[in-house]
Every structure is written in structure tokens, then in C-alpha cells.
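What follows is a set of notes on a single structure, which appears directly below.
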Amino acid sequence: SLKTLGVDLLQKQNAGLHHTEEYHENTSLIVRRGQVFQLKLTFDRELKDNDKVVVQLSVGEKPMESNETLLSMNLRSGQDSRCWCANISNTSGKECLVTVTSPADAAVGKYFLSVKTGPHIYNPGNKVVYVLFNPWCEADTVFMPNDTERLEYVLSDTGYIYVGSVQNIAGRPWNFGQFEEDVLDSCMYLLDKSKLKHKVRKDPVIVSRAMAALVNSNDDSGVLFGNWSGIYTGGTSPVAWTGSALILQKYYKTKKPICFGQCWVFSGVLTTVMRCLGIPARSVSNFASAHDTEENLKVDIYLNERGEKLDDMTSDSVWNFHVWNDVWMKRPDLPQGFDGWQAVDATPQEKSQGVYQCGPCPLKAIRSGEVYLLYDSKFVFAEVNADRVFWQVKNVNGKQKLVKLREEAKAIGKSISTKAVGKNTREDITAQYKFPEGSPEERKAVEKACSYLNSSNLAVCENTTPLPPLQAGIQLEVEGEKALWLGNPINLNIIAQNSSAGAWTINLVASCQLQCYTGKVEANLGSIKQIVQTESKPVIQLPLNIAADAYMKTVTSVDDELLLKVNIIAEIQETNEKLTDELTLTFQYPPLKVEMPETAKINEDFTCSFIFKNTLSIPLEKCKLHVEGLGIFKMETIDQGDIMPGRIIKSQIICAPNKTGEKKIVAKLTSNQVKGISGEKMITITA
């Protein structure tokens, strides 16, 4: 009887056709479903017509044909694109070339290969076939027709995640690293950990939802432990990470959650996992993002009599920015018209079906207010559409009294951003999430969402009634230096413009607080409270000055990037009218420069330098330089000690590139005072 002596997976040939040549696991075969691949079998003699040869692929410890964890393909059974099949395409002596066809809805996973010939089973043990989703295959539900988009959303292993505030959006370089060592195996481990039945692993809707749950550690000891405390001893501060690969590699080795993550880290890792599995994905940043815990499309913000925000009055919040993901797929589980981008979120904010997971939710459903559609569309709709309501908490005869200051219908869900396709620039995708603010379509979408929320007996969602125009004609604004350098005093002017030229008496309060990006108050820095007579003056200015010492202690003790929030409340005594204004200010830092040649040759050394000059007026203590270059070197951390004002540091790394193509080196400088300054540079590696 016939015996199999060997199997050649023809990795190089198959990988080129399947767009998988970048994966580090080049000893295995990595293919995409719905597309043929070839194997070369070697037997102990020439193949005869009556020889029965069966190629087997198996998953898990107890593979069975009944649940599709064992696939048996007889080489003489013909072709059928709806199921797995294998056919002889050529024989030459004792060698046989076999073409294997997988269906476009094959379950993704890690399959072990064996060959059965009569009573003999050739089981090489280490011959592994990874099957991934296929955005190049029209019959696959993740099919993406545009080649430049596939290049960006599936094959690109570097990018940007946008952070900051509406007034000051910054692109933070991020290495997704989906092709790095152990990353694919880490994703396969997560698939097994998800306990999804094998048959269900063919559905990107269910797989992406499961991965959103597993990238956080809350319910299932998943990848990342979320921490917003500002204290990150025993782990890595969220601002220090430069990419996802190291996180997934550490997780795969230890099988324990990695410390610590915040929203952009969760999003970066989820983009990596999705792209690695073959699902097109992008990281998306929503500025002024609502966290509406009461599902009434309103976020309440409470200020005390000094104008300072009170954290303990509500669990609702407005984050300066929040980062989640979009994944691309068809939605056969929903009515027609909801294919395309779907929002998924791995940051553990609210439970969905008892687990910290969110999405996938169609962007088209969010845009049109169809908040009854799966999954979690109510929560995502509120993140980009909720109204912001300001209240003042007054003490009247020893009792708390709430005074409504203003309600804003257009303050939430601004400048929704992702990296542009094929360019290192920001693309504004707000129009994919919502119609223009105030347009008839937008009002209709909000009405539709409200009618559903009200009919499902959730908290009442009222229409916002616009306030009548102010009789007094007073306008508020804050003026200050454009660049706020850390370590310098903060000098602001609170301005009241009196356009009506009337004589008014104004009770004016203004406060300045240090806050995290989630809106959590870290310190009250100063406030002013004054009664102002306009006496027909067109402009009134009040200075609000804060010494550097007043905020540097908090900045140093909290390991998060902090920002300044200024709140102003003006009460006009004659008309009882109330005005408020709010301003977010971010600190500026000196740049971190990366210097190296424009091009280099594979396996030939080149030098990369990292240069930083401390132009601030304060020393930077316990500085660390974190550097990473995919395909060049793994992440390294270099201690820099304290950097005094005016001092220049220069660190060098000798690099030996092992992959050709465009590569990026990313660097980040962290210290007690400055939490994360990023620098980057591209280099082309040639053969």
C-alpha cells in the first residue's frame, strides 16, 4: 500500500498569491479562505489510479467531521467551491501536486495537516495551515473592493491614533505589527479562549465581537488590564506603549493580562488582531465623546459655585477623546442596507449581554438613528450625538439647589478621525457617523433614536428647546497664550463682551482645573469670583493667573497626560440670565527627533539617532526612551536619567534590517513631568 513520505507546503508560492508573505510564521502555511492553494506530496512510489489519498485538516484536541473540526478531502472526489476539496493537478514520478479549495465561509483558525493513504496516516505534526478571512475574495463577507483600501486596512502594519482635544488634535504614531513573531499565534489563542464553536468562527460579526471582549481583561483574563488611576507601578504606563506587538507577544508567553491599557491602547491592539485575522480594520477617534450611562442621550455636568466641575454627582462623562475601531463586513444578520463599516470597542466601559464588549454596530445605523439594531447601537449613537447639559449646584439655606445653566445639542461627537488611506494624514469621517449638525436629516435621526429610546421604557429623551436670545447681549470668552509650555505660569484673561452697550451687573465666576482625558478632575488650580458692572463698557477683562508650582506637583504625581479645563459662569442680575463657556488647553512639549538615512540595504547595519533638547524651564526626571522599528528591531527602553533645562541628549541604535520595504522607526520619551513625546521616521529597505 501507498505511503506518504513528505508534504511541501509551498509557502513562498502560496503566500504571494494569498497576500500573506509578510507574516513572521513562514515555516507554516498561511492562506485566505475562498481561494485555492497548492501542496506537494511525496510518496514511496508512483501514484496508481486506484490509490485512495485523503488530505486531512483538523482543529482542536478531538477533531470530528460532524462539527467540521475534521476535514477529509479525497483527491479523487472532484471540485465544489461550497466546501473544502482537494484535487490532483499534476504528478511527476513519486511527487504529486495537489490543489486545495476552501469555501469563502470557511472557519478561520489553525489547522493541522495529515495525509491518509489506506491504513497509513502521515502525520508530520508541525505542518500547520492557518486559514484567515479574505478581503480579496468577492464571496467572503469581509470583501473590500478597493485595492488601496485593502493595503491600508489589512496589510499596513503602522499608522496613527489621534488624541488631544477638538481644538488641538495630535496624531500619535502606532505600530500595529500584525505580522510580527507570535502575533498570529496570539490571535489564534484568543480564538480558542473565546470558546466560540468552530462553525461560528466563519462569521466575522461574531468573531469581531468576541475579540472586542477579549482585548480587555475584565471578564475573561483577556489581553489588557485597563487602568485610569494615574498610578501605573507594576506595569507599563498606557502613554509609554508605541505599538501592539509587544503587548500581544507578552500576553501569548504569559497567558496573563498585560498592565496597563487605556482607550487608544485597546483600540491599537484590536486593530492589530482584526488585521492579523484578515478583517479590514481602522482605529477611530471621537472628540468630545459622551459616556451616557442612563441611555437618555444626555450627559449632565455639574459645577459648584466657583465654577469647578464636580465628579461625584454623576457617572455620565464627556471624554476629550475616545478611541474605538471600525471593521469592514457585510451584515447578513440585519435587514438590508447595513453592510460596510461597523463600530467595535474593546475599552471596558459598559457591559453588553453581561460582558464588557461593544459592537459590531453599523455606522449606517448610527447615522440614521436606528438604535434598535445589533449590537450596542444605543451606546455608540449617544457617544457621537448626546446633548451636554450644564448645571450649577448652589447652596441655598443649607440645601443643594440645581440651576440649569445651558444645554448644548452640538458639542458632542466632533472631528471623528482616522488615518487617511495611503497617506500619513488625518481623515475626518464625521459624515460617516452623522449628518451635518442642525440639518433636517440629523434632526430626523435624533428623533428616530429618541422615539425608540422612549418606547423601550428607558429614561425619557426630551427634545432640546433652544434658549431665547439673551436680552443683555453679553458674550464670554477666554484668552491666553496659544502655546502653553509645561513649567511656565499660566496667564489667562476672562473676557465679557458687552455688545448691547447696556449697563448690567454680572456675577462672574471662573475656574481652572487639571483633568485627565476622560474628564476626571485631578486638581483645582484657581478660581475668581467677582461682581462686575459693565457701565456701558464694550469689553471687560479679568485676569486668571496660575503659578507653575500650583500645577507641577499634580502633573508630576499623576502618570497621565493632563490638560487644563477653564469654566466660566456669568449671571446677569437684572435679567436673571445665565451664560457659561468652557475651554480646553493642552500643554506643549519640545520635539523628539529621529535621524537616519533615507534608504538602507537588507542585512546591512545602519545607525539611527534619537535627539532631544529640553527647552522647558524645568528639569525632566527619570526619563526613558522607548524605541521600536518593525522588521528592524524589537522595542527597547533606554534610561536617560534626568534631563536638565537646555541639555541635549543623543542616543544611537545600530540597526540590522531583516525585511525589505518601507519601514518606520517610532520613538517615545517619557518622564515624571512629560508623559509622552513621540517621534518617527520612515526608511526604505532594499535588497
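Position 1 is the first residue of the sequence, and the numbers go up from there.
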Distance-only side-chain donor-acceptor flag, [X] / [Y], under 3.5 Å:
{"X": "Asp560", "Y": "Gln262", "value": "yes"}
{"X": "Tyr189", "Y": "Asp182", "value": "no"}
{"X": "Gln342", "Y": "Arg331", "value": "yes"}
{"X": "Asn87", "Y": "Thr99", "value": "no"}
{"X": "Glu628", "Y": "Thr242", "value": "yes"}
{"X": "Gln357", "Y": "Ser352", "value": "no"}
{"X": "Glu181", "Y": "Tyr23", "value": "no"}
{"X": "Gln249", "Y": "Ser186", "value": "no"}
{"X": "His19", "Y": "Asn134", "value": "no"}
{"X": "Asn286", "Y": "Tyr433", "value": "no"}
{"X": "Ser285", "Y": "Ser417", "value": "no"}
{"X": "Thr158", "Y": "Asn175", "value": "no"}
{"X": "Trp324", "Y": "Thr347", "value": "no"}

Taking the cut-offs as 6.0 angstrom to the six-membered ring centre and 45 degrees off its axis, would you call [X] and [Y] a cation-pi pair?
{"X": "Arg172", "Y": "Tyr160", "result": "no"}
{"X": "Arg282", "Y": "Trp341", "result": "yes"}
{"X": "Arg33", "Y": "Phe133", "result": "no"}

Do you know the tightest heavy-atom contact between Thr272 and Val183?
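Nearest heavy atoms, Thr272 then Val183: CG2-CG1, 4.0 Å.
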Just checking Tyr111 against His198, ring centres under 6.0 Å apart?
yes
For this output row, return yes or no: ring centroids of Phe379 and His291 closer than 6.0 angstrom.
yes
Quick one: pull up CH2 in Trp84 and OG in Ser77 and give me the separation to the nearest 0.5 Å.
13.5 Å
